[in-house]
Amino acid sequence: MLAVVNTPNGPAPVALREVPEPQPAANEAVVEVRAFSLNRGELRLFQARPEGWRPGQDISGVVVQPAANCTSPKAGDRVVALTDNAGWAERAAVPAHRMAVLPDNVRLEEAAALPVAGLTALRTLRHGAPLLGKRVLITGAAGGVGHLATQIAARSGAHVTAVVGNAERGRHVLGADEIIDGIDKAQGLFALILEAAGGASLAAAIAHVEAKGTIVIFGNSSGEPTPLNFRDFAEHPNARIQSFSYFTSEAEERFAPDLALLVSLVAEGSLKPHLVERSWRGLAEIGPQLRDRRIAGKAVFHVD
Ligand SMILES: NC(=O)c1ccc[n+]([C@@H]2O[C@H](COP(=O)([O-])OP(=O)(O)OC[C@H]3O[C@@H](n4cnc5c(N)ncnc54)[C@H](OP(=O)(O)O)[C@@H]3O)[C@@H](O)[C@H]2O)c1
């Protein structure tokens, strides 16, 4: 079968190559992959991982072989799934507890946008729960995580301020009460701040967090460090900086229910992933566009 393979020494960071079929463990189903999405973090992995490594975490498709231990969806079910790697292939082996069945009105492409970005959005927001009536500030709101977090926070009753790089980047941000082009334009204090830009953005987040409020730091897209001093919290007593990693933030068995929750939000119309859709043969060209902040929402690829 064909699969995306890491080629850090080649003309492009990844290439389509022939690879062996997946060999599922007893708790794994084989999924015929129809769509997948790319995450900013995976761009770094292309450089860090060796030649021949197989990338790919966010996939959607159809179960062609249920798990031998009978714990997975059945053959023919359309599913969304999260794999550790090797998901970007014609077929992938997926643990049964890392997938959810799609309602009929959820497209495979929409579903493929959800695992890493959707779980990150959902789970970072839980650090501020309950969100009803609270002020929430979301940096990188035009990006994969940010645009989903903005919609989920709004659905949860928060008053959302979305930070984007410029007005054009804000065009696809749904659910925000206000969209500002730069965190320096933020007014007042926030109970919860989702921060993944780092550098000056994190410093500004500290200046805008409520007493006892929470800043969830889950990335450093700028690559910049942030000087930190206890005195920065003088006007924000007992505020908390919470680090976050989507893979380990909650128990393994929570993946399937959280994926099911995300697809149910899409099915009911309150979560609308913004997609840039391409053939998987165009993966290598889209990477630089994502890196350079020219992709709004999620880049999703058809396995065609
Ligand atoms: N900890 C975890 O478990 C976890 C999980 C998923 C993602 N992440 C991290 O979270 C961040 C967001 O992920 P994503 O998938 O949403 O990425 P993305 O789609 O590339 O979005 C990143 C957003 O960050 C904004 N940004 C602000 N300053 C930036 C800068 N200096 N360089 C690049 N972008 C900047 C951009 O907004 P504008 O274009 O509007 O300027 C962009 O929309 C990344 O750092 C990623 O590695 C962490």
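For ligands, and for the atoms within them, numbers begin at 1 and follow the listed sequence. Not measured: the values here are computed from a predicted model.
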Residue Arg155 excluded, over 12 heavy atoms near CZ under 6.0 Å: no
Min N/O separation Gly165 to ligand 1 under 3.5 Å: yes
Which residue and heavy atom of the protein sit nearest atom 48 (C) of ligand 1, plus the separation: Phe218 O, 2.7 Å
Closest protein heavy atom to atom 18 (P) of ligand 1, given as residue, atom name and distance to 0.1 Å: Arg40 NE, 3.7 Å
Chi angles and distances behind the salt bridge (charged side-chain N to carboxylate O under 4.0 Å, His left out) call for Glu252, Arg98: CA-CA 8 Å; Glu252 264 289 318; Arg98 296 263 197 94; 3.2 Å; yes
Side chains of Arg54 and Val19 in contact at under 4.5 Å (non-hydrogen atoms): yes
Heavy-atom side-chain proximity of His147 to Lys298 below 4.5 angstrom: yes
Sub-4.0 Å atoms of ligand 1 with respect to non-hydrogen atoms of Ala196: 10 (O), 11 (C), 45 (O)
Validation row: Leu265, Gln151 side chains within 4.5 angstrom (heavy atoms): no
Aromatic Phe247 / basic Arg123 pairing, under 6.0 angstrom, 45° off normal: no
Where ligand 1 meets Ala142 - atom numbers and elements under 4.0 angstrom, heavy-atom basis: 40 (O), 43 (O)
Atom 36 (C) of ligand 1: nearest protein contact (heavy atom, Å): Arg293 NE, 3.8 Å
Per atom 44 (C) of ligand 1, closest listed option by heavy atom (Ala141, Gly219, Ser221, Gly198): Ser221
Aromatic ring pairing Phe36/Trp88, orientation class (parallel under 30°, perpendicular over 60°, tilted between): parallel
Ligand 1 contact on Phe247 by region, counting heavy-atom pairs under 4.0 Å: neither
For ligand 1, the portion of Thr120 having any non-hydrogen atom under 4.0 Å away: side chain
Distance in Å, Asp58 CG paired with Glu42 CD, rounded so as to fall on 0.5 Å steps: 6.0 Å
Heavy atom of Arg44, distance to ligand 1 below 4.0 Å: yes
Any N/O pair Val145/ligand 1 closer than 3.5 Å: yes
Closest protein heavy atom (residue, atom, distance) for atom 21 (O) of ligand 1: Gly143 CA, 3.3 Å
Closest approach of any protein heavy atom to atom 19 (O) of ligand 1, naming residue and atom: Gly144 N, 2.8 Å
Nitrogen or oxygen of Arg169 less than 3.5 angstrom from that of ligand 1: yes
Glu235, CD atom: more than 12 neighbouring heavy atoms under 6.0 Å: no
Atoms of ligand 1, numbered as shown, that sit under 4.0 Å from any heavy atom of Ala197: 27 (C), 28 (N)
Atom indices of ligand 1 within 4.0 angstrom of Leu290 heavy atoms, with elements: 19 (O), 20 (O)
Arg135 side-chain N/O to Leu189 backbone N/O, donor-acceptor pair under 3.5 Å: yes
contact_flag Ser245 ligand 1 heavy-atom lt 4.0 Å: yes
N or O pair under 3.5 Å between Arg291 and ligand 1: no
Those atoms of ligand 1 less than 4.0 Å from some heavy atom in Ser222: 30 (C), 31 (N)
Side chain Thr139, main chain Val163, donor-acceptor under 3.5 Å: no
Short side-chain donor-acceptor distance under 3.5 Å, Asn220 and Ser222: yes
Top protein contact for atom 24 (O) of ligand 1, by heavy-atom distance: Gly140 CA, 3.6 Å
Per-atom contacts of ligand 1 with Val164, taking only distances under 4.0 Å to non-hydrogen atoms: 40 (O)
Residue Glu51 excluded, over 12 heavy atoms near CD under 6.0 Å: yes
Interfacing atoms of ligand 1 (cut-off 4.0 Å, heavy-atom, Tyr246): 2 (C), 3 (O), 5 (C)
